[in-house]
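Input: a single structure, listed below in structure tokens.
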There are 2 protein chains.
Amino acid sequence: MKKAMTVYDIAKEAGVSPSTVSRVLTGNAKVSREKAEKVRAIIKKNNFKPNAIARSLITRESRMIGVILPDITNPFFASVFLEAENYAMSLGYSLLLCNSMGKTDIESMYLRILVEKKVDGIIMAGGRVNDTKTIKEHADEVIEVMEQVPFVIVNGKMTGVDSHRVYTDEAHGIEQLVDYLYRLGHRRIGFIGGVKGITAMDIKLKAFLDSAKEYGIECKNEWIVPGSFSIESGIESMNELLSNRDLPTAVMSVNDFTALGALKAATKRGFVVPDDISITGFDDIYLTDIMTPAITTVSQNMMQIGRTAVDVVVNLANGNKVKKNQCIKTSLVIKDSCAINSSKR
Amino acid sequence: MKKAMTVYDIAKEAGVSPSTVSRVLTGNAKVSREKAEKVRAIIKKNNFKPNAIARSLITRESRMIGVILPDITNPFFASVFLEAENYAMSLGYSLLLCNSMGKTDIESMYLRILVEKKVDGIIMAGGRVNDTKTIKEHADEVIEVMEQVPFVIVNGKMTGVDSHRVYTDEAHGIEQLVDYLYRLGHRRIGFIGGVKGITAMDIKLKAFLDSAKEYGIECKNEWIVPGSFSIESGIESMNELLSNRDLPTAVMSVNDFTALGALKAATKRGFVVPDDISITGFDDIYLTDIMTPAITTVSQNMMQIGRTAVDVVVNLANGNKVKKNQCIKTSLVIKDSCAINSSKR
DNA sequence: TTGTATGCGTTATCAA
DNA sequence: TTGATAACGCATACAA
């Protein structure tokens, strides 16, 4: 590897002082036109790139934002990340992506690394911030981090942690779906997927049960089949639900992944969706469009989530005042997986 | 934000010199047991985390690897990244993820940023490294970068750039598929998706045509319908192909995304896959499993690609000798989207 | 084994 | 407007 040039090299070649080179680089102070041009020419000629590490040490900003999320192969997180990166890039920040796989110890490790690397902000989604009951040690760790680095939680909340938050109104999203299904004539609805104890599940299930009661919709206990948030879980839960003698006319899924699995399972069992049974998802990842039928779902507005999360940490990093809680609106996205209920059920 | 402590603070509190604290931190030199324990206690008590920026400046390693790829929402790249990160983490590296969206100017920008940030290595996939005909300016830029940073190209190659490469034997993968279809009795096969001028397309199309000739398989011109690498493109190309009067009995797709689209399009037109027509993909992303039918494809062994790419740059960073070209084997993954050809076609 | 002094490459401060 | 000098926080050569 070729040894990199420094401002000293440039300065010497341009016949100016290192400070002048630095001034040209940052644009933070006046430099005479001729010297500036001379310096710029030398920089260009040598393809000089300033050492961001050295710069960071003195400016105390790394121009990096850490993003901790469970799994980037999940299109929901990938889409949020993509937009976050896109916006961050426009502000001059790069993103360190940390997949925690939902494991607490990996989260802890990454939190430590990100603090050491002096990132200018941390965006965290999934894992501990998603536990309905926050574990104190997890909270303490995050609090410690928050004292050093701007921190925002996406779609989560930690008891005892007064962090900034960007979140979706998941309950409202569920209500939108229930309302939609009700209007289609559904009076018997099931709910599959999700892990109890995770807010992404608990909020939705509660909203579902509350809405069901309000609308006079029946939901038998055996129609509620938790599992996890994966496609496989959707398959398993749907299979379990469909093995009941008495079936609902529609099934809501905790997220699009489980809805994908539910669709796959139902189809395999010979059910025609939506004629025999309606299915809904949650998130509006692009995969819902490629299925036949495309899955009716609720959009979390992933782009806005990603963008807002970056906005929060960057503003905090710049010492600006930022709204503590930012709620992103959901919207119902009607596709082809729900039909008017014409069954005798 | 609380001001971070430094080794000086720790040193003072522990009653030792900063160098002793540093020695405890790095483990690079002997420290008496009692002092070491004292220092460790103070570090722990204060939750001190050394400033990686300052450390990097002197050690000349940032412990970061830059990854430039087109689009992380594509599960192929997401899976490669995930495994790369997993392995990198075990070696003490973090990953900066840069989505280029296939745009050359974004690639250039990120190349510059990664060099400035003094990453210990760059892994690049897609975009310019995938052009069948390398543009000289692109190559020059990469050559310039390679002089400063260990660099590895994933599934690509640049004319005039003597870089390290990790790649799949895509031609062989296609041959495996053709051979498989031939054995199923298919003698008339189409090929959809992909952009000419991109190696990911050109290699496969050539391999397909060569194999077809070898096996005596018919492939009419109108059965070759390029497009791009997206799901939508798969839909469009398949629709175009299926609008022919005379149809092939099987259709190969440039990748799984287009196969997904092809399946969707075929199903919508009333074709039953695989009974009416067989479809194959390429990559073996997890989405091929959730479709009904699951799509027969070729595995690129994404995990091994990610891991190997990290291995290459890390070894280069450590001054080790590394094999210039590493070919990752493909493997045929038979699922449900291909049937024995029993048609009269 | 320990401490002092120096350097990494840049920006910031201050005096000229 | 410019340059000399210090400072960022750590690791390391060298001296003790």
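Predicted model only: the values in this text are computed from it and were never measured. In what follows, every chain begins at residue 1, and chains take the letters A, B, ... in the order their sequences are listed. What you see below is based on every heavy atom in this structure, not just the backbone, and it leaves out hydrogens, waters and symmetry mates.
Each of D/dA11, C/dT2, D/dT2 was ranked by its minimum atom distance to the side chain of B/S22; first place goes to D/dA11. Of all nucleotides listed (D/dT1, D/dA4, D/dA11), D/dA11 comes nearest to the side chain of B/L25.
Between A/Y8 and A/K35, it is A/K35 whose nearest contact on DNA chain D lies nearer the 5' terminus.
Between the NZ atom of B/K12 and the P atom of D/dC10 there is a distance of 14 Å, rounded to whole Å. A straight line from CD of A/E116 to C1' of D/dG9 spans 13 Å, rounded to a whole angstrom. Atom-to-atom, CD1 of B/I10 to C1' of C/dG3 comes out at 18 Å; the value is rounded to the nearest Å. Between B/E34 atom CD and C/dT2 atom P there is a gap of 7 Å when expressed in whole angstrom units. As a whole-Å value, the separation of B/F48 CZ from D/dG9 P is 10 Å. Between the CD1 atom of A/I43 and the P atom of C/dG9 there is a distance of 16 Å, given to the nearest Å. The separation between B/K30 atom NZ and D/dA16 atom P is 24 Å, rounded to whole Å.
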Apply the test salt bridge (charged side-chain N to carboxylate O under 4.0 Å, His left out) to residues B/R307 and B/E83: give CA-CA distance (whole Å), side-chain angles for both, the deciding distance (0.1 Å), then the verdict.
CA-CA 6 Å; B/R307 174 172 279 261; B/E83 184 63 18; 3.4 Å; yes

Candidate pair A/F151 and A/V313, rule side-chain contact (heavy atoms from CB on, under 4.5 Å), full reasoning
CA-CA 6 Å; A/F151 194 92; A/V313 290; 5.9 Å; no

For side chain to side chain donor-acceptor pair (under 3.5 Å), just list the numbers for B/N325 and B/K323, CA-CA rounded to whole Å, side-chain angles, deciding distance to a tenth of an Å, and then say yes or no.
CA-CA 6 Å; B/N325 293 292; B/K323 251 174 60 184; over 6 Å; no

Evaluation steps, salt bridge (charged side-chain N to carboxylate O under 4.0 Å, His left out), between A/K45 and A/E13
CA-CA 11 Å; A/K45 176 189 152 213; A/E13 194 169 336; 2.6 Å; yes

Can you check salt bridge (charged side-chain N to carboxylate O under 4.0 Å, His left out) on A/E34 and A/K38, steps first, answer last?
CA-CA 6 Å; A/E34 54 171 348; A/K38 176 72 178 168; over 6 Å; no

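Taking B/K103 as the reference, B/D105, B/I106 meet the side chain to side chain contact (heavy atoms under 4.5 Å, CB included) condition, with sequence neighbours excluded.
Looking at heavy-atom distances under 4.0 Å, A/V21 makes no contact with the nucleic acid at all.
Side-chain atoms of B/Q300 and B/T168 form a donor-acceptor pair, as typed in the model, at a separation below 3.5 Å. Checking A/S108 against A/E141 by side-chain atom types alone, a donor-acceptor pair falls below 3.5 Å.
One finds no side-chain N or O of B/K3 lying less than 4.0 angstrom from the OP1 or OP2 phosphate oxygen of D/dC8. Phosphate proximity of D/dG9 to B/T6: absent, as no side-chain N or O sits under 4.0 Å from OP1 or OP2. Remark: A/S19 is not in phosphate contact with C/dA12, judged by side-chain N or O atoms under 4.0 Å from OP1 or OP2. Residue A/S32 has a polar side-chain atom (N or O) positioned under 4.0 Å from OP1 or OP2 of D/dT2.
Enclosure of atom CE in A/M5 by more than 12 non-hydrogen atoms of other residues, nucleotides or ligands within 6.0 angstrom is indicated.
Residues of residues 49-60 of chain B having a heavy atom closer than 4.0 Å to DNA chain C, listed by number: B/L57, B/I58, B/R60.
The one candidate from A/K157, A/H138, A/M124 that meets the side chain to side chain contact (heavy atoms under 4.5 Å, CB included) condition with A/V129 is A/M124.
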Check nucleotides 14-16 of chain C for protein N or O atoms closer than 3.5 Å to its own N or O atoms and list the pairs.
none

